[in-house]
Amino acid sequence: MFRFERLKVWHKAVELFDVVDKVAEGFPARVQFSVADQLRRAALSVPSNIAEGSGRETAKDSRHFYSMAKGSAFEVVSIATVCDRRGLMTVEEYRDIYGRAEEISKMLTGLKRVPVSA
């Protein structure tokens with residue numbers, strides 16, 4: 001088992017991507033290759049950076065990737081806000097994505113304080 005697979009935040013980040021992907025599937029064709037793809041890429045970046053950070057040898061390197069993951073979670077919220085304002089998602093979908101990203105962000109802040117262990 002890889003180290004990141006033991007991290008609750010990684011599992012939550014994968015779930016965030018699943019939710020985002022499902023919501024983005026419902027976007028109109030006119031934004032599928034722009035806004036929907038950007039939202040998916042940002043959401044996929046969260047668990048990817050967590051995984052990469054967990055495999056680093058030093059705490060400094062790990063923290064860098066956890067910071068990148070947190071930034072991607074912020075990007076998801078920013079894009080979701082634009083989508084909500086444009087009526088591309090429901091209020092419930094927006095609140096779900098926002099809440100998940102907020103929880104992940106808080107967990108990443110805590111994870112950055114934990115020293116790297118084998």
Side-chain angles (χ1 to χ4, degrees):
M1 175 179 281
F2 290 100
R3 185 181 306 158
F4 66 85
E5 292 176 292
R6 295 190 302 261
L7 296 174
K8 187 174 183 179
V9 68
W10 178 79
H11 289 277
K12 289 188 175 287
V14 170
E15 290 169 5
L16 172 65
F17 175 77
D18 290 341
V19 169
V20 163
D21 186 50
K22 184 176 180 185
V23 169
E25 281 178 7
F27 287 6
R30 66 183 170 78
V31 296
Q32 276 299 324
F33 297 106
S34 56
V35 177
D37 281 346
Q38 184 63 31
L39 182 58
R40 285 184 181 107
R41 281 194 302 274
L44 185 58
S45 180
V46 180
S48 299
N49 278 299
I50 293 167
E52 189 161 356
S54 75
R56 293 297 169 153
E57 300 285 326
T58 68
K60 180 181 177 183
D61 284 344
S62 293
R63 283 192 301 270
H64 170 75
F65 283 96
Y66 299 150
S67 291
M68 296 292 284
K70 190 173 176 179
S72 293
F74 291 170
E75 184 179 2
V76 168
V77 169
S78 178
I79 297 167
T81 300
V82 171
C83 292
D84 178 53
R85 290 172 59 103
R86 296 286 178 137
L88 297 172
M89 64 177 63
T90 67
V91 172
E92 292 79 18
E93 290 169 334
Y94 173 75
R95 287 180 181 156
D96 185 29
I97 290 169
Y98 188 101
R100 289 172 187 270
E102 184 176 38
E103 180 182 21
I104 289 164
S105 173
K106 290 175 182 177
M107 292 174 80
L108 286 167
T109 296
L111 187 59
K112 286 170 40 177
R113 295 183 182 133
V114 177
V116 175
S117 62

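Between V82 and R85, the closest side-chain pair of non-hydrogen atoms is not below 4.5 Å. Side-chain atoms of E75 and Q38, non-hydrogen and from C-beta on, do get closer than 4.5 Å to each other. Counting heavy atoms from C-beta outward, E57 and D61 have side chains that stay 4.5 Å or more apart. No side-chain heavy atom of I97 sits less than 4.5 Å from a side-chain heavy atom of V77. Side-chain contact between L88 and D84 is absent, with no heavy-atom pair separated by less than 4.5 Å. Between K60 and H64 the shortest side-chain heavy-atom distance does not fall below 4.5 Å.
Taking both residues in full, the closest heavy atoms of M89 and C83 are given as CE-CB, 3.7 Å, listed atom of the first, atom of the second, then distance. Between K70 and L108, the shortest heavy-atom distance links the atoms N-CD1, 3.6 Å. Of all heavy-atom pairs spanning R40 and D21, the tightest one is NE-OD1, 2.7 Å.
Side-chain atoms of Y66 and S54 include no donor-acceptor pair closer than 3.5 Å. Q32 and E25 form no side-chain donor-acceptor contact under 3.5 Å, judged by distance and modelled atom types alone.
Remark: the backbone N or O of L44 is paired with a side-chain donor or acceptor of S48 at under 3.5 angstrom. Looking at S62, its side chain does come within 3.5 Å of a backbone N or O of T58 through a donor-acceptor pair. A side-chain donor-acceptor contact under 3.5 Å links S72 to the backbone of M68.
Ring geometry, Y98 versus Y94: the interplanar angle falls from 30° to 60°, so the pair is classed tilted.
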| message | Under the criterion side chain to side chain contact (heavy atoms under 4.5 Å, CB included), I'd like the reasoning laid out for V35 against F27: C-alpha separation, chi angles, the key distance, then a yes or no. | response | CA-CA 9 Å; V35 177; F27 287 6; 4.3 Å; yes
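Under 4.0 Å is where a charged nitrogen must lie from a carboxylate oxygen, and between R100 and D96 at least one such pair does.
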